[in-house]
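Lettering of chains follows the sequences in order, A, B, ..., and the numbering in each one begins at 1. Both backbone and side-chain heavy atoms feed into the values below; hydrogens, waters and symmetry mates do not. All of these numbers come straight from a predicted model, not from anything done at the bench.
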There are 2 protein chains.
Amino acid sequence: MQTYTISELAAEFGITPRAIRFYEDEQLIKPTRQGQSRIYSPRDRARLVLILRGKRVGFSLDEIKEMLDLYDVRDGQATQLAYTVKKFSERINALEQQRADIEHSLEELRAARARLEVMLAEKQPHRMPANDEHGRLIGYAMNPGAHD
Amino acid sequence: MQTYTISELAAEFGITPRAIRFYEDEQLIKPTRQGQSRIYSPRDRARLVLILRGKRVGFSLDEIKEMLDLYDVRDGQATQLAYTVKKFSERINALEQQRADIEHSLEELRAARARLEVMLAEKQPHRMPANDEHGRLIGYAMNPGAHD
DNA sequence: CAGTGTCTTGACGTTTACGTCAACGGAAGT
DNA sequence: ACTTCCGTTGACGTAAACGTCAAGACACTG
């Protein structure tokens, strides 16, 4: 079966071996050993992918660990199924909120960029509105909607 | 004109006054003073909204400050317009990547939850596949795609 | 005018997620 | 046998983003 060394994974994902060992300290991955050295299976690699993606979307390592543990539900813990489902739903809601935040941010950034490009095209750095005291930036309403 | 106290804003956004003062220390907002106390304008409030949203989508305060400063472009800095546009584009790319990450995570969480709910419905915590060594979780392929 | 409440400025503590040595262990090449 | 590469385990350092007192400044209220 395919295996990986720690530096192989580190190079592949653009992180340091130190980080990977840290994830092990925090119980997020449990590679086997060959003597003293760590050996990573495809499953360990897959967990690393989930860890890094989780980080990119703003989860803490503790939260990611909880999610990975929830994936690891087995027969013995079957009584906790309802709790697990609830936790998953919470995560899903959080992510959907976050996606909405990102949509907002993207809208604003694109609109602001468009205006900047117009100014660039005009090549005339004359008077421009800049921002006023009513919560508008570069003439574009910030549209402060939901904030929780 | 409408104004706010620090604790009003803190309560409204579910954060502490300490955090708001911290944002001021870091030059993200610059409220006026009435004697000793801080007074926040609608524009300050709007900046707070952007700060908190930025945090939710994973930006650091330094990055958020940079973005706010970029919004604050004025005539004198018109020569930096091209740089500003570039920075905005970078942010947009980062956010689009992040949105894709979220879509992935949502897919996985929903699929996993669906399987858990089936198990709950069966009410029979007998044998289940759990996860194997090939990178599958609860019988559902993790589909580790792009990782940068 | 004592008390209560809300504000202020330090100053230090804390958590998260690693970075950065230091010192050592085996395998591999010469 | 000696060096050169990985790899390992501590141990300590660090940056970000506040939390947590402490001590004082005002405004009001009874």
Inset, instruction - Would you indicate whether the side-chain heavy atoms of B:Leu48 and B:Leu52 approach each other to under 4.5 Å? - result: yes

Legend entry - Heavy-atom side-chain contact between A:Thr3 and A:Thr32 under 4.5 Å: no

Inset, instruction - Specify the residue among B:Lys55 and A:Glu24 whose closest nucleotide of DNA chain D lies further upstream toward the 5′ end. - result: A:Glu24

Among [options], which is the nearest nucleotide to the side chain of [X]?
X: A:Phe22; options: C:dC18, D:dT8, C:dT8; value: C:dC18
X: A:Ile6; options: D:dC18, D:dT8, D:dC6; value: D:dT8
X: A:Asp62; options: C:dT9, D:dT8, C:dT16; value: C:dT16
X: A:Arg33; options: C:dT8, D:dT9, C:dC18; value: D:dT9
X: A:Ala19; options: D:dC18, D:dA17, C:dG19; value: C:dG19
X: A:Arg38; options: D:dA17, D:dT9, C:dC18; value: D:dT9

What is the distance, rounded to the nearest whole Å, between atom [atom1] of [X] and atom [atom2] of [N]?
X: A:Glu26; N: C:dA17; atom1: CD; atom2: P; answer: 8 Å
X: A:Ile64; N: C:dT16; atom1: CD1; atom2: C1'; answer: 12 Å
X: A:Tyr40; N: D:dC6; atom1: OH; atom2: C1'; answer: 14 Å
X: A:Phe13; N: C:dC18; atom1: CZ; atom2: C1'; answer: 18 Å
X: A:Ile15; N: C:dT16; atom1: CD1; atom2: P; answer: 19 Å
X: A:Gln34; N: D:dT8; atom1: CD; atom2: C1'; answer: 14 Å
X: B:Asp25; N: D:dC18; atom1: CG; atom2: C1'; answer: 11 Å
X: B:Phe59; N: D:dA15; atom1: CZ; atom2: P; answer: 23 Å

In Å, rounded to the nearest 0.5 Å, how long is the span from [atom1] of [X] to [atom2] of [Y]?
X: B:Ile6; Y: B:Ile39; atom1: CD1; atom2: CD1; value: 11.0 Å
X: B:Ile15; Y: B:Tyr23; atom1: CD1; atom2: OH; value: 5.0 Å
X: B:Glu26; Y: B:Arg21; atom1: CD; atom2: CZ; value: 15.0 Å

For a quick test of reading the model: is some side-chain N or O of [X] closer than 4.0 Å to OP1 or OP2 of [N]?
X: B:Ser37; N: D:dC26; value: no
X: A:Thr16; N: C:dG19; value: yes
X: A:Thr5; N: D:dG7; value: yes
X: B:Tyr23; N: D:dA17; value: no

Legend entry - Inter-end axis angle, the helix from C:dC1-D:dG30 to C:dT30-D:dA1, with every axis fitted to five base pairs (rounded, 10 degrees):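 The helix from C:dC1-D:dG30 to C:dT30-D:dA1 shows an end-to-end axis angle of 10°.
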
Side-chain ion pair, [X] and [Y], N-O less than 4.0 Å:
X: B:Arg110; Y: A:Glu96; answer: yes
X: B:Glu66; Y: B:Arg91; answer: yes
X: A:Glu24; Y: A:Lys65; answer: no
X: A:Arg113; Y: A:Glu108; answer: no

Hey, what are the protein-to-nucleotides 20-25 of chain C N/O distances that come in under 3.5 Å?
unit_1	atom_1	unit_2	atom_2	d
C:dT20	O4	A:Arg18	NE	3.1

Inset, instruction - Decide whether A:Gln97 and A:Asn93 meet the rule of one side-chain donor and one side-chain acceptor closer than 3.5 Å. - result: no

